[in-house]
Amino acid sequence: MTLFRLGYVAMSVHVQNASPSQTMTYSRFQKLQDREAAIAKLERISKSNINNTLRLLKHNKALDIEFFRLSSKLVPLATHEDLKDWDYIHALKNELRELGSYAKSENMRIDFHPDHFVVINSPKEDKFKASINVLKYHYKLLHSMGIDPTHRCVLHLGGSYDDKAKSLERFIENWGSVPRGIQKMIMIENDDTIYTMDDCLYVCEKLGIPFIFDLHHHMANHEDSNWLKNWDRVLNTWEHSPLPVKMHISSPKSEAEFKSHADYIDPEMFLNFVKSVNQSTDQIDCMIEAKKKDDALFILRKTLGEQSNIEFNTEATFQLKD
DNA sequence: AATGGTCAAGCGGCA
DNA sequence: TGCCGCTTGACCATT
């Protein structure tokens, strides 16, 4: 029996005034005369972001949602080179600890997806170093939350730089320069333009990295549309992870804007997926990536709940009946 | 109060 | 070589 668990990304359309991504741009920061006051403001924004994230987790708890992606923008300018002297971890340690403790006490799976400016396979050393710097920020947040950082950060393989094969190999080369603690934190996901499921599996198997299969990206970018033949390989990349298999679910906005995320999830597409992988493993965590965030999760849950062959254990976990 | 422009990042396409 | 679009939510200035 396979248990399917639904989660969603970073913010809620139902909980008002709960942004976890409030920010201050560097140009704004620079314009403030009093640097100390500017940093104090950054700390106020960060605390608000962390507290809003805690509010979202409590909202999730009330709806039995135990799977959630945290915003990578919790601490504005944390990775900016002009703020290297800012000990934001010290300033935010109580808030971070409270957030992590709550997630742990409620058995919630939380993780990050740093945006595409983190490029491990960059041929430019400064870009690589900046990427490691951003990953260290994520590591410090997790550590300060008291969360085991293992397999908590989703990344793509990176750019093609006019030579995809060479750039794929460069990921493997550069991986050797990634600190071990950071390596353990990473999962790899297929993207919608360059690196396919096959490319990612090749790298993940070679380096022992869990692979996150994104079905929508696969439809937009593949060598062979038949992903199911690779499914055992996908599962195997999770063999040594303390966490269940994870994947991403989204639907195309339209035929013309195929790669953009739709507001909601196509239930038929999702159900077909579920049927295809049912019984293959104990649990699959499905991250719902839709414009309507948690509302897309609710609507999907409602539609699936009307199916006679689906049984919901909680509001956000279900299994397929025989 | 609603709007349109700006911000930040790295890559990729185009001239 | 260099400019612009991509993407995202937030925020700022203008109306």
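Atoms CE (A:Met24) and P (C:dC12) sit 9 Å apart, rounded to a whole Å. Per the geometry, CD1 belonging to A:Ile45 stands 7 Å off P belonging to C:dC11, to the nearest Å. Per the geometry, NE2 belonging to A:His217 stands 11 Å off P belonging to C:dT7, to the nearest Å. When rounded to the nearest whole Å, the span between CZ of A:Arg69 and P of C:dT8 equals 12 Å. Going from atom CG of A:Leu74 over to atom C1' of C:dA10 covers 14 Å, rounded to whole Å.
Backbone-only contact: A:Ser19 has heavy atoms under 4.0 Å from sugar-phosphate atoms and none from a base. Among the heavy atoms of the strands lying under 4.0 Å from A:Lys291 are primed sugar atoms or P, OP1, OP2 only; no base atom is included.
Under a 4.0 Å N-O distance rule, the pair A:Lys129/A:Glu125 qualifies as a salt bridge.
In this structure, A:Ser105 and A:Tyr102 approach most closely via the heavy-atom pair OG-O, 2.9 Å. Nearest approach of A:Arg152 to A:Pro149, heavy atoms of both residues: CG-O, 3.2 Å.
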Taking N or O atoms only and anything under 3.5 Å, show me the protein contacts with nucleotides 8-15 of chain B, one pair per line.
| unit_1 | atom_1 | unit_2 | atom_2 | d |
| --- | --- | --- | --- | --- |
| B:dA8 | OP1 | A:Ser27 | N | 2.9 |
| B:dC11 | OP1 | A:Tyr161 | OH | 2.3 |
| B:dC11 | OP2 | A:Lys124 | NZ | 3.4 |
| B:dG12 | OP1 | A:Ser160 | N | 2.7 |
| B:dG12 | OP1 | A:Ser160 | OG | 3.4 |
| B:dG12 | OP2 | A:Tyr161 | N | 3.3 |

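The distance between the ring centers of A:His80 and A:Phe29 does not fall below 6.0 angstrom. Proximity of the aromatic rings of A:His222 and A:His217 is defined here by a centroid distance below 6.0 angstrom, and this criterion is not met. Two rings, from A:His156 and A:His113, have their centers less than 6.0 Å apart.
A heavy atom lying under 4.0 Å from DNA chain B marks none of the residues of residues 29-44 of chain A.
Under a 4.5 Å side-chain heavy-atom cut-off, the cluster of Ile, Leu, Val, Met, Phe, Trp and Tyr residues that includes A:Met287 is completed by A:Val9, A:Phe67.
Between A:Ser260 and A:Thr23, the residue whose closest nucleotide on DNA chain C is further toward the 5' end is A:Ser260.
Each of A:Lys246, A:Arg69, A:His151 was scored for a side chain to side chain donor-acceptor pair (under 3.5 Å) with A:Asp111, with one residue passing: A:Lys246.
Atom CG of A:Asp282 is surrounded by 12 or fewer heavy atoms from other residues, nucleotides or ligands within 6.0 Å.
Under 4.0 angstrom from either OP1 or OP2 of C:dG9 there lies no side-chain N or O belonging to A:Ser21.
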